[in-house]
Amino acid sequence: MTIKSMRDALNEALHHEFERDPLVFLIGEDVGGFEKDGQPVEIGGVFGVSKGLYRKYGRKRVIDTPISEAAIIGAASGAALCGMRPIAEIMFADLTAVCFDQIVNQIAKFRYMFGGQCACPVVIRMTTGGGRNAGAQHSQTFYPIFTSFPGLKIAVPSNAYDAKGLLISAIRDEDPVLFFEPKVLYTEKCEVPDEAYAIPFGEAAMPREGEDVTLVAFGQSVNWAVQAADELRKTRGIRCDVIDPRTPSPLDEETILESVAATGRLVVIDESPPRCGLTADIAALVADKGFRDLKAPIKTVTAPHTPVPQARELERAYLPNPRRIIAAVEEVLA
Amino acid sequence: MTIKSMRDALNEALHHEFERDPLVFLIGEDVGGFEKDGQPVEIGGVFGVSKGLYRKYGRKRVIDTPISEAAIIGAASGAALCGMRPIAEIMFADLTAVCFDQIVNQIAKFRYMFGGQCACPVVIRMTTGGGRNAGAQHSQTFYPIFTSFPGLKIAVPSNAYDAKGLLISAIRDEDPVLFFEPKVLYTEKCEVPDEAYAIPFGEAAMPREGEDVTLVAFGQSVNWAVQAADELRKTRGIRCDVIDPRTPSPLDEETILESVAATGRLVVIDESPPRCGLTADIAALVADKGFRDLKAPIKTVTAPHTPVPQARELERAYLPNPRRIIAAVEEVLA
Amino acid sequence: MDHDDLLGAYRRLRLLREFEERTRVEFQTGQIAGFTHLYAGMEAIAVGVCEHLTDEDRIISTHRGHGHCLAKGCDPAAMMLELWGSTDGLCRGKGGTMHIADFSRGMLGANAVVGAGAPIAVGAALASLMTGGTWVAVSFVGDGGTNIGSVYEAMNLAVVLQLPKIFVIEDNGWGEMTPIANATGNRDLAARAAAMGMPAVAVDGVDFFAVHAAAGEAIARARRGGGPSTLVASAPRFYGHHEGDPQLYRSREEIADLRRREDCLPRFIERVTTEGSLTAAELAAVDADIARIMDDAVAKAKAGPRPVPGDVFDHVYARYR
Amino acid sequence: MDHDDLLGAYRRLRLLREFEERTRVEFQTGQIAGFTHLYAGMEAIAVGVCEHLTDEDRIISTHRGHGHCLAKGCDPAAMMLELWGSTDGLCRGKGGTMHIADFSRGMLGANAVVGAGAPIAVGAALASLMTGGTWVAVSFVGDGGTNIGSVYEAMNLAVVLQLPKIFVIEDNGWGEMTPIANATGNRDLAARAAAMGMPAVAVDGVDFFAVHAAAGEAIARARRGGGPSTLVASAPRFYGHHEGDPQLYRSREEIADLRRREDCLPRFIERVTTEGSLTAAELAAVDADIARIMDDAVAKAKAGPRPVPGDVFDHVYARYR
Ligand SMILES: Cc1ncc(C[n+]2csc(CCOP(=O)(O)OP(=O)(O)O)c2C)c(N)n1
Ligand SMILES: Cc1ncc(C[n+]2csc(CCOP(=O)(O)OP(=O)(O)O)c2C)c(N)n1
Ligand SMILES: [Mg+2]
Ligand SMILES: [Mg+2]
């Protein structure tokens with residue numbers, strides 16, 4: 001057990017699974033490397049997540065592709081339909097927009113349309129979210145959108161430990177999994193075991209516990225929620241359950257409902273824009289099945305209904321933050 | 001004023017706007033026609049919505065394209081950036097998945113990314129929803145997904161009258177509008193004025209009024225909600241407000257909140273699957289801003305978390321219906 | 001091709017044709033739901049290609065998929081049951097006409113999104129390469145479908161990875177109601193594919209033997225590691241784009257003329273009988289047999305078990321956790 | 001080209017180069033946020049094409065857009081302000097390096113989605129045709145970007161509609177860290193474009209005069225109604241894919257060699273001074289002027305007004321109702 005960044009934790013997960021199962025392979029842009037004058041030149045992914053795989057397994061299992069996202073996803077899904085265990089990398093979640101059909105109309109529906117004849121165990125890894133001033137087309141989350149598609153499973157880790165365990169589960173899963181890596185968290189560190197371990201899907205983590213208010217957050221927002229909770233506890237003595245569902249689909253409804261049953265108050269946080277997102281999804285769940293427990297309006301903390309702006313000050317104003325979460329908690333306690 | 005089908009009402013709207021503004025044009029697959037032996041052969045759209053336009057305006061303003069949705073949308077948006085008023089037709093909403101980038105990363109964001117330098121007044125018309133046994137890839141709604149994208153406006157008419165007035169507004173709007181035509185409603189008729197009229201965006205219709213329960217529904221679900229409301233009134237004396245927001249974005253929040261303030265009970269209905277959809281969106285709105293008025297859990301009636309099945313019995317079981325809405329109303333009244 | 005092969009090919013051609021003729025009749029009685037696209041007229045393409053394939057080879061089809069399914073060995077009754085939406089259908093009624101699949105036959109699905117099959121079949125070919133298989137993957141796409149960008153992405157990737165992949169382009173001159181000439185800047189579809197870096201040939205898709213020979217070459221090349229190629233085959237569409245299409249864009253005479261002059265079945269028959277490879281009696285026996293098979297398929301379809309509402313929830317995930 | 005044209009072209013080439021050199025220096029101080037891609041090495045392409053264009057002509061650029069913006073006439077200070085995220089930037093700080101646009105100059109935006117500009121520029125060309133304009137639309141795309149399917153959709157549609165549209169393919173041999181040879185089945189990118197049905201030529205993109213001549217022909221053809229064409233121009237990328245890329249995939253010597261042998265600026269200078277069309281003094285005066293312009297741009301950028309949080313909400317819609 002050592003302190004590792006999320007990048008390294010994910011890299012370890014890939015190495016474990018490549019070793020365990022010869023059917024696992026990685027396909028995407030710049031994920032591998034190439035030969036130059038007979039020597040291997042390794043790229044290992046633009047964000048360095050696949051480091052060492054090309055050197056160890058070669059081009060046969062670490063496949064650099066043209067800039068052709070639809071073909072990448074098709075190649076992965078077709079191989080999965082023939083028994084392989086592909087991991088496809090799409091550089092930015094926003095770019096799933098150029099291969100959206102291959103994900104939502106094809107992969108998500110094969111098993112169902114074909115009456116259960118097949119599985120399509122593809123993992124699609126991608127970076128997600130804001131915080132790097134990458135502008136409107138490279139900073140979106142997209143995980144709420146994919147959550148709306150039956151047939152897909154969605155994982156969004158908020159820390160290195162979960163990242164490793166969830167990626168291992170994703171690769172072992174029989175169903176297609178979209179795996180979102182918050183790009184600002186690649187360098188964030190925590191304790192991560194050296195060996196392989198799987199974190200089951202549909203089981204929330206609860207990084208903080210408390211009886212006053214329930215906070216549900218996704219991805220990098222979990223960290224802001226934790227900061228807000230710590231601050232509230234220290235300065236005001238307010239105790240929060242902080243719930244990180246980890247997999248928006250399947251969703252651990254029980255943990256959320258149980259928490260709200262105890263606290264009676266709910267704030268949901270996500271950096272995606274507000275309409276038809278995960279914050280609304282969780283609010284709707286509780287407004288139905290947890291209604292009798294509620295003592296206050298359900299508040300959400302989201303990005304505004306705008307694209308992601310590029311300038312530092314603007315992106316900072318765009319993203320949720322602990323201060324806004326604290327304000328929302330104060331509202332539900334008012 | 002005569003009785004017209006939604007198809008004819010939409011066709012009239014197109015004719016009005018083509019006549020009014022020479023910058024308006026239509027582009028898509030099979031929307032126009034071609035010359036054969038010197039004679040015009042008209043297609044007028046696979047669903048017949050653009051009938052008569054090719055004959056009247058020719059290939060210059062009614063442009064049949066290759067099967068290239070990304071190019072269709074790009075051609076429309078690029079023309080809009082240069083002052084034209086394009087209407088693009090995508091045959092099925094599901095197929096926006098092959099041009100998703102051009103819609104959500106390009107059109108939706110131009111104005112914002114470029115700091116307000118431009119407008120992109122494109123209308124994208126498409127058929128939406130189930131009921132024709134078209135299977136998993138040709139029966140989806142997609143309007144909740146697009147509602148989540150800032151920069152887009154979304155319209156979903158539930159009857160011929162609204163269809164005409166909303167399409168005219170869409171074409172006159174300075175912003176990009178995604179216009180969803182529920183395919184089962186093309187043949188549904190009601191009174192529709194012969195002249196041009198515009199229905200403003202962001203103003204809900206209320207086809208039924210009542211003080212016991214608020215029903216909010218979208219697209220073809222509005223008709224099931226009305227049937228349920230009529231049945232409830234007749235057989236049980238229960239009175240429902242039935243609210244049809246008509247434009248999910250911009251959303252008429254006031255009408256919904258005012259109604260719930262009076263009824264204290266809410267059922268939201270849509271044929272899309274349940275996760276991160278419009279039913280959750282409306283429920284979340286009310287669980288926040290209307291919480292103090294609520295007397296019962298908010299219920300939603302949606303499709304299940306499954307793709308759309310093809311067989312008659314299965315699609316029937318998949319879609320919401322008045323019976324399920326009545327059951328939900330009974331629950332919120334229990 | 002020896003006698004048995006020829007008889008087998010004829011049997012298949014006739015089966016494909018009769019399946020569509022019968023589907024059309026039944027569709028008109030209102031029993032078949034959904035958007036149905038008939039393959040009649042184009043049979044020599046599917047059969048000419050698939051006669052070279054085994055169950056291990058994979059194909060991916062289009063919205064106009066019945067012919068490819070049958071050519072790949074799908075059971076006609078199980079297909080008819082699927083058209084009827086029965087739980088005994090190949091996809092338990094979940095898929096219907098545009099989504100018939102039979103994985104046991106290497107038939108990875110008809111696909112209602114134009115052009116979408118090409119990238120997926122590239123993945124199937126990749127699996128063959130990675131596992132050291134000798135099987136190939138074939139995707140079918142229409143002339144109109146070649147204007148979908150991801151087809152080119154698929155072609156390029158297949159070339160870059162030198163995959164055992166065959167792109168079959170079915171050129172019937174129409175994309176729905178739009179003539180190909182209005183939709184395609186370069187009418188030479190083989191040239192477009194060749195420019196992506198692979199061998200590409202165009203053949204008369206009405207001539208079973210021409211398709212069979214060209215496909216054989218492409219498939220053999222792929223099997224021995226020679227990489228992907230494209231086969232463009234032109235053949236008419238005898239019916240409308242979908243059932244219910246009134247075909248206002250072409251005349252009855254035009255269609256009758258196509259039937260008279262570009263029908264792969266009489267062409268096949270003329271050749272084999274002229275050559276003396278098959279006798280009229282043999283052909284008649286096949287016809288009678290196919291007629292029986294179709295009667296049986298339709299009877300089964302009509303009597304097939306119906307889905308119940310709860311079936312909606314099955315087969316979304318292997319396990320939702 | 002006459003004396004003034006040549007001096008103008010040199011001025012532009014130098015401006016593009018110095019803008020990037022300066023951006024690189026400033027980026028390293030941490031003042032410029034976001035993913036920044038420098039155009040250094042490829043200047044002769046943007047300038048060679050855009051010298052033929054007026055403000056009415058439209059272009060759409062890529063993630064590597066600074067050069068195209070400057071070549072199309074965007075103000076360098078307003079661009080620098082945008083890189084700094086100032087509200088005085090061309091896009092008020094909303095866009096940043098990958099989304100610079102100036103509609104008053106016919107610059108419809110850099111675009112961070114590879115390949116996405118091609119279809120949009122087709123629309124601009126369509127508007128020209130529909131309104132009887134004589135202006136053309138140009139989209140730029142990298143060699144890597146030619147593997148995005150919608151580029152082919154755009155090409156085909158431009159051919160079908162015979163639009164005044166030029167596709168400029170910038171071939172620098174790399175897509176991020178992947179060599180083009182590993183990504184493209186047919187290295188002849190002009191052949192791929194030509195197969196879509198239009199004239200396509202490849203030129204040495206280091207040679208301003210070669211680009212200028214070929215672009216002039218394509219643009220003139222488009223202006224007189226002769227339809228679309230493609231221009232492939234090859235030129236090196238002097239820096240990494242983006243600022244911060246350690247370029248482990250190529251050696252320092254390799255890069256130095258590129259600088260020595262394939263730099264469009266010395267090439268241009270050599271030719272014009274050898275021919276005697278421009279004097280060393282004239283060139284030096286331009287250099288000094290550009291240096292001043294860059295100092296001024298950076299000074300303005302550093303002092304530019306900063307956005308306030310409320311600005312986030314502006315410019316989403318013309319009117320949200
Ligand atoms: C991406 C996409 N665009 C449009 C459609 C609607 N559509 C279904 S079939 C078809 C025509 C296809 O023409 P072609 O590829 O030539 O095949 P054919 O029908 O002639 O066999 C169209 C446009 C679709 N299903 N998918
Ligand atoms: C659709 C899409 N895929 C991937 C990326 C990530 N990306 C940004 S630039 C780039 C390389 C582009 O290569 P090329 O088109 O040759 O342009 P160059 O950078 O060489 O100028 C990639 C892969 C992207 N922005 N968009
Ligand atoms: Mg066709
Ligand atoms: Mg490049």
Side-chain angles (χ1 to χ4, degrees), chain A residues 70 94-106 108-109 112-113 135-137 140 144-151 248-249 251 266 268 272-292 294 296-300 303-310, chain B residues 70 94-106 108-109 112-113 135-137 140 144-151 248-249 251 266 268 272-292 294 296-300 303-310:
Chain A
D94 320 62
L95 304 178
T96 57
V98 302
C99 52
F100 203 67
D101 174 68
Q102 288 289 338
I103 302 175
V104 306
N105 286 337
Q106 309 298 336
K109 296 176 169 54
Y112 195 77
M113 289 193 301
Q137 296 175 329
Q140 296 167 91
I145 292 157
F146 287 113
T147 299
S148 75
F149 283 95
S249 180
L251 178 70
L266 175 64
V268 196
S272 313
R275 302 296 312 279
C276 298
L278 275 164
T279 53
D281 191 75
I282 304 299
L285 166 73
V286 174
D288 179 358
K289 299 191 195 160
F291 180 77
R292 305 290 172 202
L294 279 173
I298 300 172
K299 291 287 167 192
T300 57
H305 185 68
T306 80
V308 188
Q310 198 267 346
Chain B
D94 321 62
L95 303 178
T96 58
V98 302
C99 52
F100 203 66
D101 174 69
Q102 288 289 338
I103 302 175
V104 305
N105 287 335
Q106 309 298 336
K109 297 176 167 55
Y112 194 78
M113 289 194 302
Q137 297 175 330
Q140 296 166 92
I145 291 156
F146 287 113
T147 299
S148 75
F149 283 94
S249 179
L251 178 69
L266 175 65
V268 197
S272 313
R275 302 296 312 280
C276 297
L278 275 164
T279 52
D281 191 76
I282 303 300
L285 166 73
V286 173
D288 179 358
K289 300 191 193 161
F291 180 77
R292 306 288 172 202
L294 279 174
I298 300 172
K299 290 288 167 192
T300 58
H305 186 66
T306 80
V308 187
Q310 199 266 345

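Basis for what follows: all heavy atoms, side chains included, without hydrogens, waters or symmetry-related copies.
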### Summary
Note: vs chain A, highest number of non-hydrogen pairs under 4.5 angstrom among B/Q102, B/Q137, B/Q106 is B/Q137
### Query
If you tally heavy-atom pairs under 4.5 Å against chain A, which of B/C99, B/G135, B/P307 wins?
B/P307
### Query
Rounded to the nearest 0.5 Å, how far does CE of A/M113 lie from CD of B/Q310?
11.5 Å
### Message
Just so I understand: if I count every heavy-atom pair under 4.5 Å between each of B/L294, B/T279, B/V104 and chain A, which residue has the most?
### Response
B/L294
### Task
Examine whether an atom of B/V308 lies under 4.5 Å from a heavy atom of chain A, and if so say whether it belongs to the side chain, the backbone or both; otherwise answer neither.
backbone
### Message
Is B/P309 in contact with chain A via its backbone, its side chain, both, or neither, using a 4.5 Å heavy-atom distance?
### Response
both
### Task
Heavy atoms only: give me the nearest B/F100-A/A97 pair and the separation to one decimal.
CB-O, 3.4 Å
### Task
To the nearest 0.5 angstrom, please state how far the CD1 atom of A/I145 sits from the CZ atom of B/R275.
14.0 Å
### Query
Counting heavy-atom pairs under 4.5 Å to chain B, which of A/G277, A/P274, A/S272, A/P304 comes out on top?
A/G277
### Message
Can a side-chain donor-acceptor contact be found between B/N105 and A/Q140 if the only test is distance below 3.5 angstrom?
### Response
yes
### Query
Quick one: CG on A/L251 to NE2 on B/H305, what's the gap to the nearest 0.5 Å?
10.0 Å
#### Entry: Shortest non-hydrogen contact from A/C276 toward B/D281
N-OD1, 2.7 Å
### Message
Shorter than 4.5 Å, heavy atoms on both sides: which option in B/S148, B/P150, B/P273, B/P144 has the most such pairs with chain A?
### Response
B/P150
Donor-acceptor contacts under 3.5 Å from residues 285-292 of chain B side chains, at least two apart:
residue, atom, partner, partner atom, Å
B/D288, OD1, A/K299, NZ, 2.6
B/K289, NZ, B/E253, OE1, 2.9

### Task
To the nearest 0.5 Å, tell me how far A/D94 CG sits from B/D101 CG.
9.0 Å
#### Entry: Leading residue by heavy atom contact count with chain B [cutoff under 4.5 Å; candidates A/A136, A/A108, A/A283]
A/A136
#### Entry: Largest heavy-atom contact set with chain B, pairs under 4.5 Å, which of A/I298, A/T147, A/T300
A/I298
